[in-house]
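Each chain gets a letter, A, B and so on, in the order its sequence line appears, and its residues count up from 1.
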Amino acid sequence: MSDKTYDPVSMETKWCDLWRDPDLYKARGDGSRPPYYVLEMFPYPSGKLHMGHVRNYSIGDALARYLWMKGHDVLHPIGWDAFGLPAENAAIKNKMHPRDWTLSNVAFMKQQLIRLGFSYDWAREVTTCLPDYYRWNQWFFLKMLERGIAYRKNAQVNWCPDCATVLANEQVEEGRCWRCSAAVEPKELEQWFFRITAYADELLEETYKSLENGWPERVLTMQRNWIGRSEGAEVDFTHEATGSKIRVFTTRIDTIYGATCVILAPQHPLTASLVSGGAAVEVNAMIAEHRRKDPGDVEKKGVFTGHYAVNPYNQEKVPIWVGNFVLMGYGTGAIMAVPAHDERDFAFCKQYGIEIRPVIRPADGALADAATIKEAFVDYGVCENTGQWSGLPSVEARRSMAEYAENHNFGIAAITFRIKDWGVSRQRYWGTPIPVIHCPACGVVPVPYDQLPVELPYEVEFSGKGRSPLEQVSSFVNVSCPTCNAPARRETDTMDTFVDSSWYFYRYCDPKNEHAPLDPAKAAPWFPINQYIGGVTHAIMHLIYSRFWTKVMRDIGLVSNNEPVTNLFTQGMVQLGGKAMSKSRGNVVDPDEMIAKYGADTCRMFTLFAAPPEKDMEWNESGVQGQHRFLSRVYRFVCRNTEKARHVGGEPTEADRKALRKLHQTLTKVSADFDSRWHFNTSIAALNELQNTLEEHEANLSGQAAAQILETLCLMLHPFAPFLSQELWSVELGREGQLIRQQWPQADPELAREEGAEIPIQVNGKLRSRITVPFGTPKDQLEQLARADEKVKAHVDGKQVIKVVIVPDKLINIVVKG
RNA sequence: GGGGGAGUGGUGGAAUGGCAGACACAGCAGACUCAAAAUCUGCCGGACGCACAGUCCGUGAGGGUUCAAGUCCCUCCUCCCCCA
């Protein structure tokens, strides 16, 4: 008997030191074993890890360790998403340089990750704020410039007055900044864009093809909505007075005979020439309102211009209006209103007393009456009063009418996308400098490749507000033009940090390469990534940009895969007070305290046990005790039984059979959880059950059963509690080597099998008794046994048996009447 | 408004048409202890009941399908996420 107590902190710190061995978690990529790339979203180095990180990385690490043990060559890297606003905000607040702040956070968090025992191949660590990483952002930028993917345009952007920076559309949440929640204002600036729209079709297509099975359906749906492809037609109405064309975009050209007005965006080029007097004042107010508010928030308003347009299909005159809900950035900036068949148009025309004219009837109904119509009929149906298309199903009319427009040169079949090009310019210091020079004579001149990286200067003033700090650094700004040598200005905008995270997982394959972002041969074995694990919060932005970047890299010839990630797992958020943990919200729970008190193993086990991984989880520490108790019981159990396990031989006992049965059942369950849905909470519950059973039979175990149990227990526990399992393996069992290098045990179905089936007997669906029978007992025998059972008789006697349902080895249900 | 989730004991959760509440937390009672911690044992959805005798009720609400529904279908309520 041993009276050792479980002391996680000392054993864990010991193994942390031993696990610094750079070979231990080294991915080889040499074809010696089947490769498997397990990737978790790299953290932003905000200061300390929080429980969301612990959860994400505990899931990934359990999987990585399991895959190692299943014989894979596992690539399991980590790095730092190290550029971004918080560093600059910290610089202003704490008078600390963003670089120093970031790198000290990285150092601290790295030590936390090591302390948690995650199996990362640290030789591949990537830190995006270092020049040896971001020079390749610049290299990609130049490649995209050459290919016409990167371009410049004057554009209205979302300006956050508090962060003093431009936000991407995706970074605006309900008109407010995603980080600081300040109201966003529009602003005109010359910006750099990536032409992600050039890949819109392919990005959409793949969501129905290669991603269909490996990505969560809801992420695919979100991406499809974001891309927002709609198939429609553009048709020219004619301004009656001048004959100039007004092109409208519509997805329902089959309803055009029901168009009763044309509505222009306030910013439409024709608008200004059509309005005067009071109408002009109203239009200007609309434009001003667009600047101030999110278009979704404004109350719908319209104003009649006094002009008319001619419908190209029936030559009918319809009034031209201006509407504040018509967006210049979508379609053509002008729409035709068909109130009878579009809800928004219906509301608008009702409001202003514009005619409503039904032209589509339901397939099994009559055409609505214009005088009494209560709501728009928006489905497809049958055309009525639509010239040559009358009587045609509107789905067919839609195609035919678009063709007619093309043949008669007043329109085209058109596809529009909701997704816009990716604005990457940021008026910020702490990001990748955009590698171009503005020369008064030559214009925009790319920095030559051999002059990369354009390094961020270290000596910078942080005033806190206003323009980019880089503009104040004359040694950075004032350069000579690479083409003509005349004095020129360096671009002072930096890149969106989503650039960094769009390809970091490629750099892991070849992190030290000084000649290219990566060597294609080194990336090839690992892509596409077998499994990516991260928060659903990145379902749109990060994952679409990464997919886009992959396609660009493929077109440049760096990789051959079309998509970066085969399987995506989105783990639920860890929340506190109903909100995601984040430093800016100040609701972060730091794992250090828990690790100091209970150890990293308990911390990992608990985060996995508390909820299934894909579910959101409200942080609540009560329950940690349970997993600590469990590990402590495992420790003491193994210590107590190692001596016995050394004396193999002796007769197998009844206790052996029961303990081994539970052992192999548990192994079956845990393996199945890894291979299918990752419900590690139930795997850990099964391990708890196993421990309960083992202690129950402990006294009567034979030496050889004990030996098998102790060994299998260590192996099975390893993905969840690497430290304890390794300690027991090496110190108590005296075994050689690292558990991660051992083979995952194989469950024996014979040993796992129950002796007999315990069959519940129901009467009218209510449980009345149970019997235990050998497996495979035939139906008629089961029925006999059931009817003979005393408890069953009490509910059946004197009644008429209508039916007996028997599912062999499973259940008996006797249906009675009376 | 549209799309997608979710709703089960005091709590986290389990159960993918077949015994609702596995496993754990908290709680209660007991053992050990001078005492506490740790550990161990027992109880732990509700009602009736002397009861680990039995019966009835019970998975947001109501209906349906089925021998059998937390699970499938319809209607409704509440909450969360995404998009307008």
Separation of atom CE in A:Met573 from atom P in B:C81, rounded to whole Å: 7 Å

A:Pro612 or A:Val536, whichever maps to the more 5' nucleotide of RNA chain B: A:Pro612

Presence of A:Lys615 side-chain N/O under 4.0 Å of B:A6 phosphate oxygens OP1/OP2: no

Sugar-phosphate, base or nothing in reach of A:Glu758, heavy atoms under 4.0 Å: base

Nearest-neighbour nucleotide for the A:Ala611 side chain, B:G3, B:G13, B:C67 considered: B:G13

Integer angstrom distance from the P of B:G30 to that of B:G49: 25 Å

Geometric class of the A:Tyr532/A:His542 ring pair [parallel <30°, tilted 30-60°, perpendicular >60°]: perpendicular

Between B:G7 and B:G13 - C1' atom distance, rounded Å: 14 Å

A:His679 NE2 - B:A22 C1' separation (whole Å): 15 Å

Per A:Ser622 side chain, nearest of listed nucleotides B:C25, B:A15, B:C23: B:C25

Any A:Asn620 side-chain nitrogen or oxygen under 4.0 Å from OP1 or OP2 of B:U11: no

Extract from the structure each pairing of a protein N or O with an N or O of nucleotides 53-60 of chain B at less than 3.5 Å, listing the distance.
residue : atom : partner  : partner atom : Å
B:U55   : OP1  : A:Arg768 : NH1          : 3.2
B:U55   : OP1  : A:His795 : NE2          : 3.3
B:C56   : OP1  : A:Arg768 : NH2          : 3.2
B:C56   : OP2  : A:Arg768 : NH1          : 3.3

Interatomic distance, A:Asn764 CG vs B:U66 P [rounded to whole Å]: 16 Å

Contacts of A:Glu593 that satisfy salt bridge (charged side-chain N to carboxylate O under 4.0 Å, His left out) - sequence neighbours left out: none

Ion pair check, A:Glu755 and A:Lys658, cut-off under 4.0 Å: no

Separation of the C1' atoms in B:G64 and B:A47, to the nearest angstrom: 29 Å

Sugar-phosphate only, base, or nothing, as touched by A:Asn813 at under 4.0 Å among non-hydrogen atoms: base

Touch class at under 4.0 angstrom, heavy-atom based, for A:Phe630 against every strand present: nothing

Between B:G60 and B:U11 - P atom distance, rounded Å: 13 Å

Minimum-distance nucleotide to A:Arg629 side chain [options: B:U39, B:G3, B:G18]: B:U39

Sugar-phosphate only, base, or nothing, as touched by A:Asn692 at under 4.0 Å among non-hydrogen atoms: sugar-phosphate

For atom NE2 of A:His628 and atom C1' of B:A38, their distance in whole Å: 10 Å

Spacing of the P atoms in B:G42 and B:C23 (rounded, Å): 12 Å

Whether A:Asn641 side chain and A:Ala706 backbone form a donor-acceptor pair below 3.5 Å: no

Charged N-O contact under 4.0 Å between A:Arg787 and A:Glu783: yes

Anti or syn - B:G4, cut at 90° from 0: anti

Residue pair A:Val574 / A:Gly52: nearest heavy atoms and the distance that separates them: CG2-CA, 3.8 Å

Selected nucleotide, minimal atom distance to A:Val805 side chain, candidates B:G18, B:A22, B:G12: B:G18

Under 3.5 Å donor-acceptor pair, A:Asn688 side-chain atoms to B:C23 base atoms: no

A:Asp616 CG - B:C80 P separation (whole Å): 12 Å

Dot-bracket encoding per residue of RNA chain B, Watson-Crick/G-U cut-off under 3.5 Å, | denoting interstrand: (((((((..(((.....[....))).(((((.......))))).((((.....))))..(((((..]....)))))))))))).

Nearest to side-chain heavy atoms of A:Arg636, which nucleotide of B:G4, B:C40, B:A24: B:C40

Pairwise C1' distance, B:G3 and B:G21 [rounded to whole Å]: 33 Å

From A:Met222 atom CE to A:Ile540 atom CD1, the distance as rounded to the nearest 0.5 Å: 4.0 Å

Between P of B:C81 and CD of A:Gln223, the distance in whole Å: 20 Å

Spacing between A:Glu618 atom CD and B:G7 atom P, to the nearest angstrom: 17 Å

Out of B:A26, B:C23, B:C82, whichever nucleotide has its closest atom nearest the side chain of A:Met222: B:C82

Salt-bridge contact A:Lys662-A:Glu695 (side-chain N to carboxylate O under 4.0 Å): no

N or O in side chain of A:Lys803 less than 4.0 angstrom from B:C67 OP1/OP2: yes

RNA chain B: 5'-proximal contact among A:Gln627 and A:Pro760 (nearest heavy atom): A:Pro760

Distance, C1' atom - from B:C76 to B:C43, rounded to whole angstrom: 40 Å

Heavy-atom donor-acceptor pair, A:Asp254 side chain to A:Arg398 backbone, under 3.5 Å: no

Salt-bridge criterion met for A:Glu206 and A:Arg547 (N-O under 4.0 Å): no

d(CE, A:Met617; P, B:G5) in whole Å: 23 Å

Flag, side chain of A:Arg636 to backbone of A:Thr5, donor-acceptor distance under 3.5 Å: no

Options B:G18, B:A26, B:G12, nucleotide nearest the side-chain atoms of A:Ala610: B:G12

Nearest-Å distance once atom C1' is located in both B:C48 and B:G58: 15 Å

Gap between atom CZ of A:Arg633 and atom CG of A:Asn688 - 0.5 Å precision: 7.0 Å

